[in-house]
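Keep in mind the model is a prediction, meaning the values are calculated, not measured.
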Amino acid sequence: MSKSNLLMITTLGLILTIVESMRFDLQSGHTKCISEDINSSAISVGKYNAVNPNEGFPLPDTHKINVRVTSPYGNNYHHGDQVDSGNFAFTAAEAGDYTTCFTALEHKPETTVAIEFEWKTGVAAKDWSKIAKKEKVEVMEIELKKLLDTVTSIHEEMFHLRVREEEMQQLNQSTNSKMAGLSFLSIVVCLSVAGLQLWHLKSHFERKKLL
């Protein structure tokens with residue numbers, strides 16, 4: 001296979017890789033949560049660290065943070081109290097939004113903590129260097145394995161989206177049916193009230209001998 005084809009495969013693999021890498025600021029006593037929609041049985045790894053504002057010196061106590069990773073149903077996958085760095089890895093037991101929350105500890109006066117966070121899921125979460133050493137495969141083979149896993153991941157994601165779309169359609173149909181029933185009931189109630197008002201007015205006028 002030519003170098004151009006290898007480059008194309010590598011580029012495609014990089015484009016389709018799912019990686020969340022970011023850096024953000026957090027005020028003392030505040031919390032920031034980041035969510036990621038992860039499919040069931042998908043691998044997920046993450047690492048984080050508080051940025052030292054004074055390089056060459058120990059990290060100040062004001063830059064300690066609390067970290068918690070939870071599943072869509074509230075199950076705890078990682079928990080760190082008063083830490084400055086850490087990492088986590090898990091295989092998703094259920095599909096849905098997994099949440100990582102960072103909380104800066106209370107301090108007076110307030111300080112700003114810069115946090116670097118990298119979250120990988122699916123194909124990007126695999127350690128391909130270890131796989132290559134274990135299976136003794138060449139560069140070309142490992143790139144093809146990456147591409148195959150990426151295509152498989154996309155297929156699973158498309159299937160997941162199709163299931164979600166069917167669920168949304170069912171929810172819309174159910175909502176439309178309920179709205180139609182409620183509208184019909186409202187019309188019946190309005191007509192009943194109007195009929196009672198007419199009957200009451202007619203009875204009143206007959207008693208007054210106006211009719």
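Counting all heavy atoms, side chain and backbone alike, V51 lies closest to H63 at O-CD2, 3.6 Å. The nearest pair of heavy atoms linking N52 to L59 is CA-CD1, 3.5 Å. Shortest non-hydrogen contact noted between A92 and I38 is CB-CG2, 3.8 Å. In plain terms, the two heavy atoms of V45 and W119 that are nearest each other are O-CD1, 3.3 Å. Taking all atoms of both residues into account, the shortest heavy-atom contact from A104 to I65 is CA-CG2, 4.3 Å. The two residues L105 and Q82 make their nearest non-hydrogen contact at CD1-CG, 3.7 Å.
Partner of I115 under the side-chain contact (heavy atoms from CB on, under 4.5 Å) criterion, chosen from N49, D84, V67, L26: L26.
Within the 4.5 Å cutoff, side-chain heavy atoms of E165 are placed close to those of Q169. Side-chain contact between F159 and N39: absent, with no pair of heavy atoms (C-beta onward) separated by less than 4.5 Å.
Distance CE/M168 to OG1/T175: 8.5 Å, rounded to 0.5 Å. To the nearest 0.5 Å, atoms CD (E116) and OG (S85) are separated by 11.0 Å. Atom OG of S192 is separated from atom CD1 of I187 by 11.5 Å, given to the nearest 0.5 angstrom. Put simply, CD on E118 and OH on Y48 are 14.0 Å apart, with the number rounded to the nearest 0.5 Å. Once rounded to the nearest 0.5 Å, the distance linking OG1 of T62 with NZ of K64 reads 10.0 Å. T112 OG1 to F24 CZ: the interatomic distance, rounded to the nearest 0.5 Å, is 13.0 Å.
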Show me the donor-acceptor pairs, under 3.5 Å and distance only, between side chains in residues 94-102 and residues at least two apart or in other chains.
from : atom 1 : to  : atom 2 : distance (Å)
E94  : OE2    : S71 : OG     : 2.9
Y98  : OH     : A93 : N      : 3.4
Y98  : OH     : E94 : N      : 3.3
Y98  : OH     : E94 : O      : 2.5
T99  : OG1    : S35 : OG     : 3.2

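Linking Ile, Leu, Val, Met, Phe, Trp and Tyr residues whenever their side-chain heavy atoms come within less than 4.5 Å places V69 and M22 in a single cluster.
Formation of a donor-acceptor pair under 3.5 Å by the S174 side chain with backbone atoms of Q170 is not found in this model.
Note: F88 and F117 have tilted aromatic rings, judged against thresholds of 30 and 60 degrees for the angle between ring planes.
Within a 6.0 Å radius of CG in D25, more than 12 heavy atoms belonging to other residues, nucleotides or ligands are found.
Annotation: side chain to side chain contact (heavy atoms under 4.5 Å, CB included) contacts of S28 (sequence neighbours excluded): H107, E110, T111. In terms of the side chain to side chain contact (heavy atoms under 4.5 Å, CB included) criterion, residue partners of N87 (sequence neighbours excluded) are, by chain and number, K47.
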